[in-house]
Amino acid sequence: MRKSFAVFGLGRFGESVVRALAAAHQDVLAVDINEEPVNELMDVATQTMIADTRDEQVLRDLNVDTFDYVIIGIGNNMEASILTTMLSKEQGAKKVIAKAETSDQGRVGAEQVVFPERDMGQGIAHRILSNHILNFIDLSDEYTLAAIEITDPNFVNQNLIDLKIRQRFGLTVIAIKHEKHIDVSPKPTDMMALHDVITVVGPVKGVIALDEALKKKKN
């Protein structure tokens, strides 16, 4: 189901969220106070804007109450992050997810708080528990980005159309790594080889289901 996201703050975290959601064919508004990161995402996000989200009128003009999610990636400026979170909630934002550097920053208003270092640890746990997941990044409570190694011979010598990864697991393949070559715009006709690594975006349950499917590989 297509949803709408507003991402405020386009540092490394915010940019990665915008790119992942756009790759998953979601509607994304990308906003930053600086021109350079906004320009970088003009051809990626559905809409981009240079604006100061600490300004109540700016948030009112953006109609933050119409988005399914507001994601606040202003992690290096506690005051701006907290103020933007509070104003977004006051303007009727349905669900606010905020990046935070400290627990105090995470206590103000947001329904979900993302601590990049902590969440990186969770990704490490997923990798330890799986032979196939090489990287795992939670983007929200519904979406994740994962790099998964193809170890099942049943997946080999088939293309993305044959594998039906989107239909079977609800996942979008945004990149394929074959040995040292990385294709960031894979075609539906691209063939899989053993030990290729696919980067996918989609629901956590889809990644887990794909991981389980690979565990059933034939020796």
Might you confirm whether atom [atom1] of [X] has over 12 heavy atoms from other residues, nucleotides or ligands at distances under 6.0 Å?
X	atom1	answer
Arg60	CZ	yes
Glu79	CD	no
Gln167	CD	yes

Is there side-chain contact between [X] and [Y], with heavy atoms separated by less than 4.5 Å?
X	Y	answer
Met192	Asp162	no
Thr199	Leu145	yes
Thr53	Ile74	yes
Arg166	Thr172	yes
Val173	Leu163	no
Phe8	Leu62	yes
Gln91	Asp65	no
Arg19	Leu41	yes

Practice problem: Begin from the C-alpha positions of Val18 and Thr48 and carry the test side chain to side chain contact (heavy atoms under 4.5 Å, CB included) through to its verdict. | Solution: CA-CA 10 Å; Val18 169; Thr48 57; over 6 Å; no
Exercise. Apply the test side chain to side chain contact (heavy atoms under 4.5 Å, CB included) to residues Glu149 and Asp196: give CA-CA distance (whole Å), side-chain angles for both, the deciding distance (0.1 Å), then the verdict.
Key: CA-CA 6 Å; Glu149 182 180 3; Asp196 278 359; over 6 Å; no
Would you give the length of the straight line joining atom [atom1] of [X] to atom [atom2] of [Y], rounded to the nearest 0.5 angstrom?
X	Y	atom1	atom2	answer
Lys164	Leu171	NZ	CG	16.0 Å
Lys205	Thr144	NZ	OG1	14.0 Å
Glu35	Ile50	CD	CD1	4.5 Å
Leu87	Ile82	CG	CD1	12.0 Å
Phe5	Leu29	CZ	CG	12.5 Å
Ile97	Ile71	CD1	CD1	5.0 Å

Polar side-chain atom of [X] near backbone of [Y] as donor-acceptor pair, under 3.5 Å:
X	Y	value
Asn34	Glu36	no
Gln26	Lys3	yes
Asp52	Ile33	no
Ser4	Asp68	yes
Asp190	Lys187	yes
Ser16	Phe13	yes

Shortest non-hydrogen separation from [X] to [Y] and the atoms involved:
X	Y	answer
Ser81	Lys99	OG-O, 3.9 Å
Val96	Ser88	CG2-CB, 4.3 Å
Met49	Gln47	CE-NE2, 4.1 Å
Phe67	Ala6	CD2-N, 3.7 Å
Val58	Ala51	CG1-CB, 3.7 Å
Ala22	Val44	CB-O, 3.5 Å

Practice problem: Would you please test Ile165 and Ile198 for side chain to side chain contact (heavy atoms under 4.5 Å, CB included) and show each step? | Solution: CA-CA 11 Å; Ile165 291 176; Ile198 60 173; 4.0 Å; yes
Quiz item: Is it true that Met191 and Leu210 fall in one hydrophobic cluster, defined by side-chain heavy atoms closer than 4.5 Å?
Solution: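 No, no single cluster joins them.
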